[in-house]
Protein chains: 4
Amino acid sequence: MDSAPLVLSPGKRPRLSDQLYSQILEQIVSGRLSEGSRLPPEKEICEMFGVSRPVVRDALLRLRSDGLVQSRQGSGTFIQRRPAKRLSDFGGMDQVPEFLRVLELRMPVESEAARLAAERRTAAQLRKIEDAHRQMERDAEAGNIPAEPDAAFHNAIAAATGNDKFLSLSRSIQSSISSFRTVASNVTRTGPRKRIVQVLSEHTMILEAIQSRETEAARIAMMFHLERARRRVTDRSEDS
Amino acid sequence: MDSAPLVLSPGKRPRLSDQLYSQILEQIVSGRLSEGSRLPPEKEICEMFGVSRPVVRDALLRLRSDGLVQSRQGSGTFIQRRPAKRLSDFGGMDQVPEFLRVLELRMPVESEAARLAAERRTAAQLRKIEDAHRQMERDAEAGNIPAEPDAAFHNAIAAATGNDKFLSLSRSIQSSISSFRTVASNVTRTGPRKRIVQVLSEHTMILEAIQSRETEAARIAMMFHLERARRRVTDRSEDS
Amino acid sequence: MDSAPLVLSPGKRPRLSDQLYSQILEQIVSGRLSEGSRLPPEKEICEMFGVSRPVVRDALLRLRSDGLVQSRQGSGTFIQRRPAKRLSDFGGMDQVPEFLRVLELRMPVESEAARLAAERRTAAQLRKIEDAHRQMERDAEAGNIPAEPDAAFHNAIAAATGNDKFLSLSRSIQSSISSFRTVASNVTRTGPRKRIVQVLSEHTMILEAIQSRETEAARIAMMFHLERARRRVTDRSEDS
Amino acid sequence: MDSAPLVLSPGKRPRLSDQLYSQILEQIVSGRLSEGSRLPPEKEICEMFGVSRPVVRDALLRLRSDGLVQSRQGSGTFIQRRPAKRLSDFGGMDQVPEFLRVLELRMPVESEAARLAAERRTAAQLRKIEDAHRQMERDAEAGNIPAEPDAAFHNAIAAATGNDKFLSLSRSIQSSISSFRTVASNVTRTGPRKRIVQVLSEHTMILEAIQSRETEAARIAMMFHLERARRRVTDRSEDS
């Protein structure tokens, strides 16, 4: 097998469609584009932002995939959901598209990792998952934002698959989202405690399924957790 | 987001359990351990190979995951399937565990990529998938082993997700298995034409589903293709 | 196509392995078999209950599938989880195996139904799902146990697939579990309000995904809901 | 649990949208609507067939789901695939929508059944699956159309889940599609032998995965088989 390291390199500079995505997102968050209102037609958006049609289509496609807008055949594209304003306050808006793209990869990878971990984990591997979970609980109780134990929890599950490919990919993923985590942490620190309680409860369900070797339950719990993570980024209700 | 590249680094040297896996595999292939026969108990294997219990367990677990052996509660572990002898002739045996581990990661990642590609691919992205497919057909007709268009086919699907995370991971994966592909190619060159015809027919089903935007069909066709790829490595019937 | 109705007939009388399952379950609930303790070997269970080996194996297999016991290779079968005692108080114990078997079928069927509903639902079909949901919330606020709107919610989702096979199967399923629902309702009525709040929150997530046409989110939310339903039956923590 | 049998009742008479579906299908098969050509706008279809807008939408939605037509945003609906003409010759056209709807339910149910069968099947249950498979091979060699062993094969897998809900649903399903099978058999009898060889090869893959207890492989093989069955009904290439 090749000895060169597998590299998952991020784009050097933001793509045009990402910039457009962020700008539209910004306007949704600020309320300039309000829920239920219709986006201008593609052609107008092209002119407004000075970009080509494919760039607009790509940005709209992603807004749709992320559940922020909805297209109705024949009548246009409508704002469907309004993300938390506090995300914008902390300067995280331009990292949102990147974070969501990483999440899209994490969904299949980590739900399979959870399934394999439930099947194969040794007692020692389970202990590491439990340790990270407990550390995260302790940090939360102390009022800290438990970014590192969160990463450690996901990495420990990847390690428990017994397949080093899952582990090294998990590490890459966790390190790639660490700066976004800082933004999210600020949002959480100033926001409701509800959020961290929710994350911990989702982690608990994953952990319990891996403890009891219930493979399908582990897969479902992880999928649910990542789907909720996506929601926490794109859903305004997280403000309250 | 972090500017450091996401690295999916392979282990520097073969793990003990991989070496043990390969040695047992070698003996199954050579026929010294015949189909249906029982493996020695864990303790004996420890002594035979001078390794610890966890190493033996890990190797057996992987042999089981790969469908090569089967454990029956209370009566031991039995040889279940015998891989192609020609794999061993070309010196590929010690790359098998690594190849199978990569495959285990590819299953969730690439089946999701195929689903997303069927949903989102542009006309230009589709053309690249079709080009790779046609090139692979031409190579096969000319009697060549189409390693590069095979990689290009999978990378083009990853690109058609519109999510660069899938593309860079796909490239890493394809480059990491390129040396194994050479071995597999030699096996194929000297072997039956049936094999390459089979691979092309699986690719055709993936391509058709992406062409007609049938998301579930694309997901299923990719999953099936990778499951068959696993089978082609571990199944003796591929000799005939 | 055949004009005869598709019949999904339940067994006339409880199977031996179901009876054994219920009896072991009863003992776990009562605490006679405590968490972490080991079950007697298969042979002893045969003698204790006067049943054959296959019957014992089948009962143990189901207890394992339901996450109530766990087998550790070479060291036996251990009690892993203890269901809510109140389930036993209301005479529901012998309906548990049947309920769990129905749930096992519901998981694949209803998660696919939710996905299709998110893709295809018309405005009128969505309204019916919303109506059932609102009725269930109203019942819950009034302190009633919302059994009928719960069934109506699931049936409305099945109807929104546009495929009458899903609807008629859903109706069969809902009517087949209605008597168990009565037991579960009694458990809930006398129990913590937390439970109904939890069910409603799970339904809300399913509804939101269908509203916004997010197919994967709908599938995941339904899978999660049914997995939790399974947990609510087999998990003692629901007592508190 | 309720003692009344779970009934999965089919609609008494064909729905309007099914009739419309069949008529459009008929025209695609006959070639009056040729591949690549555009369907008239919804409003015109309403007038042509004297049906309401929702009926047209429902029929188009199903044609799209079945991969027969494709909608392109802003430019209309196009014929994408042309089913086997021989299906029409044998009078099976009006049964196609019902058959496809049953298939849509079978996909999630039977792929999960195959997974559970691979996990739980006893030696005796496996033997029944093998017997049905062998009988089907014998019938095919004798030039018969093996309708009964085909049903027996699927029912035996459902039985091997150990969950009687899967078995009774499978029996309902098999009996509901038996009259369509007769049509399909005539198509096959007069058609290429390739078709039955293909079906048998798909069954072999399912059987092997259940034999070797490979749960994911069994699930994938069943999903692939049913997806191909769908294709065999809607794909003209089956004529050749």
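A, B, ... follow the sequence lines: proteins, then strands. Residue 1 opens every chain. Please read these numbers as outputs of a predicted model, since none were measured by experiment.
- Using a 4.5 Å heavy-atom threshold, the side chains of T122(B) and R57(A) count as separate.
- Considering only heavy-atom pairs separated by less than 4.5 Å from chain A, the leading option among A124(B), P108(B), P54(B) is P108(B).
- Contacts of L100(B) with chain A are absent, with no heavy-atom separation under 4.5 Å from either backbone or side chain.
- K165(A) approaches R101(B) most closely through the heavy-atom pair CG-O, 3.9 Å.
- Residues of residues 153-163 of chain A that come within less than 4.5 angstrom of chain B, heavy atom to heavy atom, are G162(A), N163(A) in numerical order.
- Atoms CG and CG, from L61(A) and L116(B) in turn, are 9.5 Å apart once rounded to the nearest 0.5 Å.
- Residue contact with chain A, scored on non-hydrogen atoms closer than 4.5 Å, involves the side chain of E112(B) exclusively.
- Once rounded to the nearest 0.5 Å, the distance linking CG of D164(B) with CG of L105(A) reads 10.0 Å.
- Heavy-atom neighbours of E148(B) CD from other residues, nucleotides or ligands within 6.0 Å: at or below the threshold of 12.
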